[in-house]
Structure formats: structure tokens, C-alpha cells
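As C-alpha cells, the structure follows; a few thoughts come after it.
Bear in mind the structure is a predicted one, so any value in this text is a computation, not a measurement. All values below come from the heavy atoms of this structure, side chains included, with hydrogens, waters and symmetry mates left out.
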Amino acid sequence: MSFTARSQEEMAKAIAKDIPEGWYVNLGIGQPTQIANFLPTDKDFFLHSENGLLGMGPAPIEIEEDEDLINAGKQYVTLLRGGSYFHHADSFAMMRGGHIDLCVLGAYQVAENGDLANWSTGKKGAIPAVGGAMDLAVGAKKVYVMMTHQTRKGDPKIVKNLTFPVTGLKCIDRIYTEYATIDVTPDGLKVIDMVEGMTIDDLQAMTEAPIKLG
Amino acid sequence: MSFTARSQEEMAKAIAKDIPEGWYVNLGIGQPTQIANFLPTDKDFFLHSENGLLGMGPAPIEIEEDEDLINAGKQYVTLLRGGSYFHHADSFAMMRGGHIDLCVLGAYQVAENGDLANWSTGKKGAIPAVGGAMDLAVGAKKVYVMMTHQTRKGDPKIVKNLTFPVTGLKCIDRIYTEYATIDVTPDGLKVIDMVEGMTIDDLQAMTEAPIKLG
Amino acid sequence: MIDKTSQSLQQAISHIKDGDTVMIGGFGNAGQPSQLIDALIEHGAKNLTIISNNAGNGYHGLAALLKAGQVDKMICSFPRQSDSYVFDELYLAGKIELELVPQGNLACRIQAAGSGLGAIFTPTGYGTLLAEDKETREIDGKNYVLEYPLKANVALIKAYKGDRWGNLVYRKTGRNFGPIMAMAADLTIAQVNETVLLGDLDPEHIITPGIFVQHVVEV
Amino acid sequence: MIDKTSQSLQQAISHIKDGDTVMIGGFGNAGQPSQLIDALIEHGAKNLTIISNNAGNGYHGLAALLKAGQVDKMICSFPRQSDSYVFDELYLAGKIELELVPQGNLACRIQAAGSGLGAIFTPTGYGTLLAEDKETREIDGKNYVLEYPLKANVALIKAYKGDRWGNLVYRKTGRNFGPIMAMAADLTIAQVNETVLLGDLDPEHIITPGIFVQHVVEV
């Protein structure tokens, strides 16, 4: 039987569906940002952006773009009624103090014990930049990863041990890829969802770390 | 020749005269509070109270007393135009971060090296309380003491070494008593002012630590 | 729809369990959540550790909570006051434990807990009895004491206005410990003078964002 | 009468000396004190250490300051951006030193400096290259890295409104690093969109009390 990868949009939808109403959520720069588009608008979700706002709303129409109202990805955003502004120390206190329920991040690699690599490819001579990546990895109550299952070259990204520089140790709770949703547990990686037609053997073939059905 | 002690009011006046315009000042609970009454009203002085206000004004008339507007001594106060409110962590950041120019405190004892004792008499069975005393002692750029020269029983309060429990080490810059104003310097205690008719020998007789004219 | 406002003090306070650590806001009467304290007395939770600047005045509020025998330990900066009769009696009788913390360290340790720090080197208290047996370190020629965060299961605070998302503003020096205690507790209950509609609080003026608050009760 | 407002950017900036450490507020363009940076370029102070979240975009603002050769070292969290041409070139040529700091640690270290702490144990960065050779400690089962305060001689920040006592309010996410940098520098210069009369800023809404600000310049 054959299987088809889910689209980025479908991944975003799947993650959005897993977020309970009332959670405080930080969506990392890049792919995770899309998740916001699929949160039901008749319920209250609290989006945090680490540059200093809570209750982030969708992008404004062009004429209402405001240089002073941006998200951590430096995109124009809006603020919902009930939202608030605060300075960077308070904003990272929300993150590092364990007040954010969920953070969804992109990743280069996730190890079977939940170690995360997403800030540096470790290439010699590259110019480093870290931003809030390491804070987001260690601070939230739950940290999910949204990423492609393999690299463009076909190398596995869910690995036994990181080969890229560490962002945070044992910090990832769940991984969403175009093929599957996988929980990181004390007993190893457990597949809780796969695209239709895929078998655990199909998935294991693309995954360096051992996985089992959860 | 004889000499007369200056009154508390005269001490407060003397200290007020030594405060330059524009200084941020915390006046400790008790005697130092009176200093505010002698700061010239045509100049800007910024009074800080560690319970969370800057730009503290005089006591209100009774009808305008507000339970939510008190100073660190829990007395009703007012706020000047340009004043502000903030929480306790920010307030003590002002103090401990070295942003307050001057703090004036009462004291049980000051040692010749500037050690301060003002929070506990060390009596067995007494119920302790410290409040902001230790923060005020170490935080401000300059810390002055306003106190009687001797105890009621006639024991010296300016001593070689503290016998009361320490509030802060080497933290006092200047001492105002009813007889003299004394600077704490690396070269020892230097008398910079005495009441009329008093000699250095008169003052030394009431002072355990060695003093000299500054 | 998320609505953190509650009509019932008792319902809000029902989350407190025997043995909990409870932060109580206020400095003197300013910002003291009196109705929440009364509800806690009615609730009857025992063996509490209370973190608050003072240890009660007269026979009301925190003093009444102590009097009711619900508190095993006080963590505070200024227990002894002219009218701290209840605490004084319990303390002298050895019926209550006291951890005395300089006020700035109290604030800073609470903020550190809310901010996820593991410990802080603070300048206050170095060389004093209150730093006895504590780790110290000289950094850049100045001496510091290592202090640990103060967390709580529940924080009871008083604010001026609040909305259904838990956003709060305070009134004058009633602000004092409210914003930092809200950050440092698993569960924060705020009594407010007025609940307002979502959006009525200007986002620039909100002092405690709703993320730090679980229940808002108008009293 | 104390009046911290100034008509002249150049006069305000003249306090900066060669070799100074200068904090520059802003996250992206929000809250970036562009006119103060331009004045610093005109002023010409050299061998500066700059503490800022980014390391400049395009060829204006902070990028222009780097291009002018005035900066020896950057302390920041996110230097590499799609348009960080100037920094990239200097860095790859070995002409500028970089201390890379996770953004939360950057904020926290700045706040620690402003608050008078000696050092802090922070959870961020543990086990990573950015904590190499740093002291670590396990506290309550969690691992932390010891980080030191970040102070500056001068902070250049942007606010929305300011008064003659130096009180400031900000605008939306332009607030970012302004309030904490103001606390952590010996001298803070704020460019504001508008200077207002003393008393026009509500004491409940002031974000940076004037004690942290030495000069306010309307641009």
C-alpha cells in the first residue's frame, strides 16, 4: 500500500487540533507560525511572542501595518482585545518561568531522548545566531517540534544522538512531521499517528532512532 | 566654653542642606523622615519609598488620606506631579542597583569602618524584623546615618567594632548626631562639623572610636 | 471562551490544600487581599506556609489566619510591628516557625521564581546573621549571598481592576508584591475592586498580563 | 528645577567616550533609537562594545555604526539576518568580536545588572556550546548555568513619550529592551516621539521611572 506525505498545512492543522482552548502558546519562527491560522476563532487561545506581546492576532491589512507592532519573526501582527505589551525580561520570564503551556519549534534534529538541535548547523565559518531558541526550548511546559521527517538529502532528522550543536537537552515532548506524530517518552519514541497507508516499518526506514507504536 | 546639642529639627535641616537638587533620596523610617520637611520646595528632589513610589510628596490633609497611598513607614503620603508607582522588585532594583543617590537611616551603632547596626538589638527572645534595612544599607550610592550620639544610658554609639548584629558592612559614608557631623573615610572618622562651643576632645569623650578634625 | 472571573471567593479559594505554600500580597493595608484571607480562614486549610511581607496586624486578615492555627511557618521581612499581637504570641510560644528575609531579597527571590532562575547572588544580607551558613561569593570586588527562589502553590493578591483573561491593574502603592507574586505561584487568585470588559484595560497599561492569573474575583 | 529634556542629540550623545560599552535598544526596527545611533556615528567614538539584540540590518542604523569602524565587539543574540551584510563581512574578516548570548539570558543579564545582582543561575543554554567553560549547577533536579550581569556606560533607547523628570512610556512592541537597558547603564539617553509636561504621564502608566533616565531628546 502506498502513502502520501501530509502537507505543511495539514501538519499545522493537526497541531492546531491538539491545542486545548485557553493554552498560552508560543509559535516559533517559520513553519510553526502557520498553526495560528487553524486555531478555531470562536475559542480563546493566547499567543505569546517573545519580543513582548501576549494575545497576538493575525497579520494586519497593509494599510494598518505598524512598525512598532511586530512578532518575533519581525512580521507585522495585530493585538487582540485583552492582549498586552511588556518588556523583554518579563516576556522571557513568561517563557523561562514555565508559564507558557506550549511552544512549537522547527528543528534540524531531535534525538530519541528529546534533545533538540535547531540553532546551528555547526558549519565552520558560519555566522552564528541563536535568538530565543534556547530559551524557548527549556522554558515552556510542553515543547513540540514541527519539521520534515528527513533532510532534503534524505538523512534522518529523528536520531539516536544529535550530530548538530545542542539547543536544549531532553526538552522535546512531541514531534510532528509530514508522515507522523511521535511522542518522546521515557520509554522511547512512540508513534501516535501516521499518514494513511503507512506502516511502522515504512516510518522506521526513514528514522534513525528506534520507534514503536504508542 | 559650653555647648548645646542641636535639636532633631536642626539635624534634619543640616542634612537637608547637604542634599543637592536632583538627587534620588530614600529617607528611612523614623527620624530621617523629617528631613523631607526641610528640602527647599522650589527645587526638585526625588523621594523614593521602597514600597513602590518615587516622587513622594508630603502627608495629605486628613480627608484625602488614601489607604493605597502610603510610604514604607505605613504613613499616608501624596505623590508629586511626575511621580510614579512600581512593584516591589522594581523598587528594590532602584535601591540595590545603585540608582538611589542617598539613603538616610537611623542606627543603633556605627563602627569606625562604616559598619552599621540598626535592625536588631540582639536581645535573646526578641522578635526579629528586618524589613528593607539591609537593602537600604548596601544599595544606595551614599548612606548617611542620623542618630543620637549616645544611647539613653550614655553608651557610645560610634564604636570601634559593632556589638549589635550587623545590618551592613562598610556601608556608612557619614554620620549626623546632635553634636556633630562625621565622615567615615578610609583614614578613619573625620569630624566635619560640630555644634558651637564644642571641642574635638569634648566629642571624643562621647565617642568610642577615634575621631579627628577633617 | 475563557472566563477567569468568578463570583465565588470560596470556589476560588477551594484549590488551596493542607500544607500548601501561599503567598499573600500587600504592604500594610495597601494591596492586602483581605476578603481572600477571610475566605481562606473559612476554608480552613491547615499547616500552611505563608509568604508575605508582614505577619499580620491587630486581629483581622493575616493575623486572624494565624490565630486560627492554620499556619506552620511565616516567610516574611517584617513580622514584629506595634500591633502584631497574634504573631508575637505564637512566635514566643514556639508555635510558629519564622524565616526572616530582607525585604529586597524577598522581592527578588519571588521574582526569580517567577522568572525560572535557579538561584541568585544578592548583595543584601552579606556579613549578617540572616546570611549565616549561606554560600557567599566575591564578584568584581563586591560580596554576595546565594539565595534561592521563593515559589508558592497559590498566591492571593489584590488588584484594582481585572478582566476575564486575568489581566490586572493595581492602584497606587497597593501594587507592591502583587505583580511578582502572581508570577511565582502555580495558581494566582486576584480579588479586584472591579471586573471590566475584555479590552477595557489598555494593553499598554496592563501591569499583570493574564498569563499569571487563574482566578479574578470582584469583591 | 531639574530638566532632563534636551534639544540636542549631539549634546546628549557627547558623553560617550572611546572604549565605552553602549546598549542600544530595539528589536528589528521596533524601538530602535535610529537618530541616537546616527548621532553616535557623527560623534565618532571608537572601540565601542555594543550590546543589542541584533547586529544591524541593511546599511543604516547599527549597521552604519559598524561600517564606520566604531565597534570592536558585539554582544547580541541574533547577529545573522538576511540583510546583516555589514556585520557578516566584518565578522568573517575577523574585524569584530562576537559574544553570542541567548535572548532570554541577554534580557535577564541586563535586568540583573540594573537590579544589583552579582550573578544568576539561568536554565537557558545548559549543555550547549554557549555554556562551554561556564560554571553550572544542579538545583532541585534542574541544571543551570551561571551568568553575569551585563552593564553599560551608556544606553541609547527609544520611547514614545517622556517628561522633564525622565519618565518614559513606550509604544507597543517598541518597548522591548528599553526599560531594562535604562536600568543597566550609568547614563541613559532616550529619544522620544514627544516630550510632554510633567504630570501628563499617569503615574500608574509610567513604564520607566525617571530615576533610570538622564537625557530625553525629542526627535
Side-chain angles (χ1 to χ4, degrees), chain B residues 29 49-54 56 65-79 83-98 115-120 122 125-139 162 164-171, chain C residues 25 27-32 53-55 57 76-82 84 87-88 91-92 98 100-112 114-115 122-131 142-144 158 160 170-183 207-208:
Chain B
I29 297 173
S49 190
E50 64 267 29
N51 57 317
L53 75 164
L54 190 64
M56 182 168 59
E65 287 174 354
D66 183 335
E67 189 177 69
D68 284 333
L69 185 42
I70 58 174
N71 65 13
K74 289 163 191 158
Q75 299 164 306
Y76 295 112
V77 293
T78 51
L79 191 77
S84 53
Y85 302 112
F86 30 83
H87 63 53
H88 246 77
D90 281 349
S91 188
F92 279 86
M94 290 180 190
M95 178 59 63
R96 295 146 55 112
D115 290 353
L116 168 71
N118 78 343
W119 77 280
S120 164
I127 297 163
V130 63
M134 291 184 181
D135 303 285
L136 299 170
V138 302
L162 300 182
F164 283 16
V166 174
T167 302
L169 298 175
K170 295 181 186 171
C171 56
Chain C
F27 180 88
N29 285 323
Q32 191 176 145
N53 191 64
N54 302 112
N57 302 79
C76 66
S77 89
F78 211 80
R80 186 200 64 230
Q81 297 174 87
S82 58
S84 55
F87 175 82
D88 295 3
Y91 181 78
L92 293 173
L98 170 66
L100 191 69
V101 181
Q103 202 169 332
N105 283 356
L106 189 67
C108 202
R109 291 173 65 188
I110 293 169
Q111 191 179 39
S115 307
T122 147
T124 300
Y126 178 82
T128 75
L129 288 173
L130 300 188
K142 198 169 165 180
N143 291 301
Y144 298 88
K158 179 184 174 182
Y160 182 41
Y170 300 83
R171 193 167 172 279
K172 304 187 178 182
T173 56
R175 191 183 300 188
N176 57 66
F177 284 93
I180 53 173
M181 286 182 171
M183 296 171 69
I207 299 300
T208 295

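- The candidate with the highest count of non-hydrogen atom pairs below 4.5 Å against chain C, out of Leu53(B), Ile70(B), Val77(B), Leu69(B), is Ile70(B).
- Looking at every heavy atom in both residues, Ile180(C) comes nearest to Ala89(B) through CG2-CB, 3.8 Å.
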**OP:** Decide side-chain contact (heavy atoms from CB on, under 4.5 Å) for Met56(B) and Thr173(C); before the verdict, give the C-alpha distance in whole Å, the side-chain angles of both, and the deciding distance to 0.1 Å.
**Re:** CA-CA 11 Å; Met56(B) 182 168 59; Thr173(C) 56; over 6 Å; no
Original post:
When you look at Lys74(B) and Gln81(C), which way does the side-chain contact (heavy atoms from CB on, under 4.5 Å) test go after all the steps?
Top reply: CA-CA 11 Å; Lys74(B) 289 163 191 158; Gln81(C) 297 174 87; 3.0 Å; yes
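- Neither the backbone nor the side chain of Ala93(B) comes within contact range of chain C; no heavy atoms are under 4.5 Å apart.
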**OP:** Output, in order, the C-alpha distance, side-chain angles, deciding distance and verdict of side-chain contact (heavy atoms from CB on, under 4.5 Å) for Leu130(C) and Trp119(B).
**Re:** CA-CA 11 Å; Leu130(C) 300 188; Trp119(B) 77 280; 3.9 Å; yes
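- Note that NZ of Lys172(C) and CG of Asp66(B) are 4.0 Å apart. Values are rounded to the nearest 0.5 Å.
- The side-chain contact (heavy atoms from CB on, under 4.5 Å) test with Thr124(C) singles out one residue from Val138(B), Val130(B), Leu136(B), and that residue is Val138(B).
- Neither the backbone nor the side chain of Asn143(C) has a heavy atom closer than 4.5 Å to any heavy atom of chain B.
- Most heavy-atom pairs under 4.5 Å with chain B, from the set Pro179(C), Gly174(C), Gly127(C), Ser77(C): that is Ser77(C).
- Options Ser91(B), Gly52(B), Gly131(B) differ in how many heavy-atom pairs under 4.5 Å they form with chain C, and the most are formed by Gly131(B).
- For the set Ile110(C), Asn176(C), Leu98(C), the count of heavy-atom pairs under 4.5 angstrom toward chain B peaks at Asn176(C).
- At a 4.5 Å heavy-atom cutoff, the contact between Phe87(C) and chain B is made by side-chain atoms alone.
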**OP:** In sequence, state the C-alpha distance, the side-chain angles, and the governing distance for Cys108(C) and His88(B), and then conclude on side-chain contact (heavy atoms from CB on, under 4.5 Å).
**Re:** CA-CA 8 Å; Cys108(C) 202; His88(B) 246 77; over 6 Å; no
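- Considering all non-hydrogen atoms of both residues, Phe27(C) and Asn71(B) come closest at CE2-O, 3.8 Å.
- Taking all atoms of both residues into account, the shortest heavy-atom contact from Arg80(C) to Ile127(B) is NH1-O, 2.9 Å.
- Across all non-hydrogen atoms, the minimal contact from Pro128(B) to Tyr91(C) is CD-OH, 3.8 Å.
- Heavy-atom distances place no part of Asp115(B) under 4.5 Å from chain C, backbone and side chain included.
- Residue contact with chain C, scored on non-hydrogen atoms closer than 4.5 Å, involves the backbone of Thr167(B) exclusively.
- For chain B, the option among Asn29(C), Leu100(C), Ile207(C), Val101(C) with the highest count of heavy-atom pairs below 4.5 Å is Leu100(C).
- Contact detail for Asp68(B) and Ala30(C): the closest heavy-atom pair is OD1-CA, 3.8 Å.
- Between Arg175(C) and Phe86(B), the shortest heavy-atom distance links the atoms NH1-CA, 3.6 Å.
- Remark: Phe164(B) CZ is packed, more than 12 non-hydrogen atoms of other residues, nucleotides or ligands lying under 6.0 Å away.
- For His87(B) and Tyr170(C), the ring centers are positioned 6.0 Å apart or more.
- Both the backbone and the side chain of Tyr85(B) come within contact range of chain C, judged by heavy atoms closer than 4.5 Å.
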